[in-house]
Amino acid sequence: MAYANAQELLDAIQPASGGAEVLDPATGEVVGRVEQRSAADLDAAVAAARAAQPAWDALGHEERKRLLNAAADNIEANAEALAELLSREQGKPLNGPNARFEVGGAAAWLRAATAYEVEPEVVVDDGETYAAKHYRALGVVGAIGPWNWPMMISVWQLAPSLRMGNTVVMKPSEYTPLSVLALGHVINQVLPADVLHVVAGGRDVGERLSGHPDIAKIMFTGSTATGKAIIRSSADTVKRLTLELGGNDAGIVLEDADPQAIAQDLFWGAFINTGQTCAALKRLYVPESIYDAVCTALTEVAKAMPMGVGLDENNVLGPLQNKAQYNIVAGLVKDAVDSGATVLLGANPDEDAAGYFYPTTLIADIDPGNRLVTEEQFGPALPIIKVKDSAEAVKHANSLEVGLGASVWGSDRAKALEVAAQIQAGTVWINSHGTIDPRVPFGGAKQSGYGLEFGLDGLKSLAQPQIIKG
C-alpha cells in the first residue's frame with residue numbers, strides 16, 4: 001500500500017488513543033504518538049519471531065532475496081511519506097544529504113543485501129580430506145538503533161539479518177520511534193508474519209533485548225558507553241555482537257592540498273546530518289603552511305549553507321535532534337571559546353528560538369587537548385587544529401581511544417595513502433569523509449566497536465559458520 005503523505009502513514013502506526021507524544025525538534029510541535037511497550041511485550045515479540053524463524057529460513061536465499069527487493073520497492077513507493085515523517089521527527093531537512101537521501105539509502109541497502117551469493121567454501125580438498133565451511137542462520141537477531149539515521153541504520157541491521165535466514169526484533173531509539181515503526185510497517189506489508197518486529201520502549205526494553213536468552217545476536221549502533229553495557233548484559237548468554245560505537249573522526253590535510261578544491265567536501269564530511277553522524281569528520285588537522293587558507297575556504301562554504309525547519313525545501317541543515325545533544329554541543333563550544341580559541345563562524349545560538357538549532361560553528365586556533373577536540377561533539381561544530389606536519393597530525397589523530405573513521409586530504413595520492421596507513425581507524429578515506437558504500441565493509445577500531453557491516457563480510461557476520469568435514 002502506498003500512503004499519500006506522512007499523516008496517512010502516521011494514522012496506520014499510531015495507537016487509537018493515548019500513547020506518548022513525540023515532538024518535532026525544529027518546532028516543538030507534536031508529530032505523533034507512540035505506545036510505549038514493556039519488557040513483557042518484548043518477550044512476546046521474541047517468542048513470535050523465534051517461532052517464525054524456521055519457516056523463514058526454509059524459504060531459501062532466492063525467495064528471501066525476492067521478498068527483500070519487494071520490500072525495497074514498497075519503501076520507494078512510500079518514499080515521500082517516509083521522508084516527511086523522518087524530517088518532522090528527527091529534524092533533518094528533506095533536501096541535501098538528509099531525509100530523502102536516507103529513505104533512498106534504506107531501499108538501496110535492502111537491495112544490496114540481495115546482491116551476493118553466499119556459497120559453501122571448500123577449505124580443504126586434497127584427495128584425502130574434504131572440509132567445507134557453510135553459513136547457517138543464527139536464529140533471532142536483536143537490533144538496537146540510534147536517533148541520528150533511524151531508518152537507514154535500521155535497514156543496515158535488519159536487511160543482512162533477514163537475508164541470512166534470521167528473524168529480527170528491533171528496538172528503536174526513544175527519540176525517533178515513529179520513523180522506525182513506519183519503516184517496519186512498510187516492510188512488513190511484504191514480509192511473512194512475525195519475521196520482523198519493532199518494539200518501541202524505554203531502557204527496560206533495550207536491557208531485556210540485550211540479555212534475552214532467545215536472542216542469538218545483538219546489532220547495535222550508538223555510544224561507546226551503551227555498547228559496553230550491552231557487552232556486559234550479553235555475556236551470560238554468550239551472544240554474538242556487532243557494535244558500531246562512538247567515533248571522533250580525524251581529518252588530516254596535507255601540505256599539497258588545494259584549500260578551495262577540498263572545502264566543499266570537507267564541509268559535508270563534517271556537517272552531514274548537521275554533524276550528527278558517527279563517522280562524520282569531527283576534528284580537522286591542518287599544516288601551518290595552508291592553515292589560514294583552509295580556514296577561509298571552509299568558512300565561505302559554511303556561510304552559504306542554510307539551516308532551518310526541515311520541511312522548508314531550501315534548508316540543508318536542521319536542528320539538533322534533542323535537548324540533551326544541544327546541551328553537549330553548546331557546552332563543548334563554550335569551553336573552547338572560554339579557552340581563547342578563535343570563532344570563525346557561529347558559536348552564537350539564539351536561546352529564545354524555537355527548536356534545538358545550534359548555528360554552524362567553526363573554531364580555529366584551538367589547543368589539541370581542548371574538550372571540543374578530544375570529546376565527540378556530535379553536532380554542527382568543527383575544531384580546526386594547526387599542526388607542523390603530517391607526522392604531528394597522525395600523532396594527534398591516534399591519541400584518542402576511538403577509531404571509527406578518518407580521512408587524508410592531498411594532491412599526491414601516494415603520500416595520502418602512506419599517511420592513511422599510519423592512522424588507527426576502521427576506515428580511512430582519501431579526499432572524502434564518511435562516504436559509505438553498501439559493497440564495502442565498514443567497522444570500527446579500538447573503542448569504536450567491533451564486527452563488520454556491509455558487503456559479503458556483513459552477510460557472513462549474520463550467520464553461524466559450520467564446518468562439515470568428511
Side-chain angles (χ1 to χ4, degrees), residues 24-27 86-87 90-99 101-102 146-149 175-176 223 246-251 263-284 294-295 297-310 312 314-337 341-364 366 370-385 404-405 407 433-434:
D24 184 333
T27 65
L86 176 61
S87 180
Q90 200 281 336
K92 63 183 65 183
L94 290 170
N95 286 327
N98 292 298
F101 171 84
E102 179 170 349
W147 48 259
N148 58 334
W149 295 91
Y175 290 114
T176 52
S223 71
N248 191 350
D249 288 12
Q264 179 112 350
D265 289 334
L266 278 174
F267 175 85
W268 283 118
F271 290 93
I272 185 172
N273 198 28
T274 316
Q276 299 167 107
T277 297
C278 294
L281 197 168
K282 300 189 175 76
R283 45 194 174 115
L284 182 63
V294 169
C295 288
L298 190 52
T299 301
E300 289 305 308
V301 170
K303 282 180 179 177
M305 298 295 179
M307 175 184 287
V309 175
D312 182 333
N314 295 310
N315 293 323
V316 294
L317 299 172
L320 277 302
Q321 202 285 322
N322 54 79
K323 181 63 173 176
Q325 194 58 44
Y326 178 96
N327 289 341
I328 289 171
V329 174
L332 290 174
V333 173
K334 183 178 185 302
D335 187 75
V337 174
T342 300
V343 177
L344 300 176
L345 184 68
N348 56 342
D350 180 355
E351 301 292 349
D352 297 324
Y356 304 130
F357 288 99
Y358 196 91
T360 305
T361 297
L362 296 171
I363 301 292
I366 185 169
N370 188 274
R371 290 175 60 233
L372 182 60
V373 179
T374 61
E375 298 180 23
E376 184 180 26
Q377 68 275 50
F378 216 71
L382 179 68
I384 309 171
I385 306 99
L404 187 58
S407 56
H433 197 109

Would you confirm whether [X], through its side chain, and [Y], through its main-chain N or O, come within 3.5 Å as a donor-acceptor pair?
X	Y	result
Arg283	Asn248	yes
Asn98	Asn95	yes
Lys282	Gly275	no
Glu376	Gly246	no
Asn315	Pro93	no

[X] to [Y] - nearest heavy-atom pair and separation:
X	Y	result
Gln377	Leu382	NE2-CA, 4.2 Å
Thr277	Phe378	C-CE1, 3.5 Å
Gly91	Pro319	O-CD, 3.2 Å
Ala280	Ala270	CB-O, 3.8 Å
Val373	Pro383	CG2-CB, 3.8 Å
Val329	Gly379	CG2-CA, 3.8 Å

Query - Sole candidate of Asn273, Thr361, Leu317, Leu320 that passes side chain to side chain contact (heavy atoms under 4.5 Å, CB included) when paired with Pro380 - result: Leu320

Report task. Anything under 30° is parallel, anything over 60° is perpendicular, the rest tilted; go ahead and classify Tyr356 against Tyr326. Result -> tilted

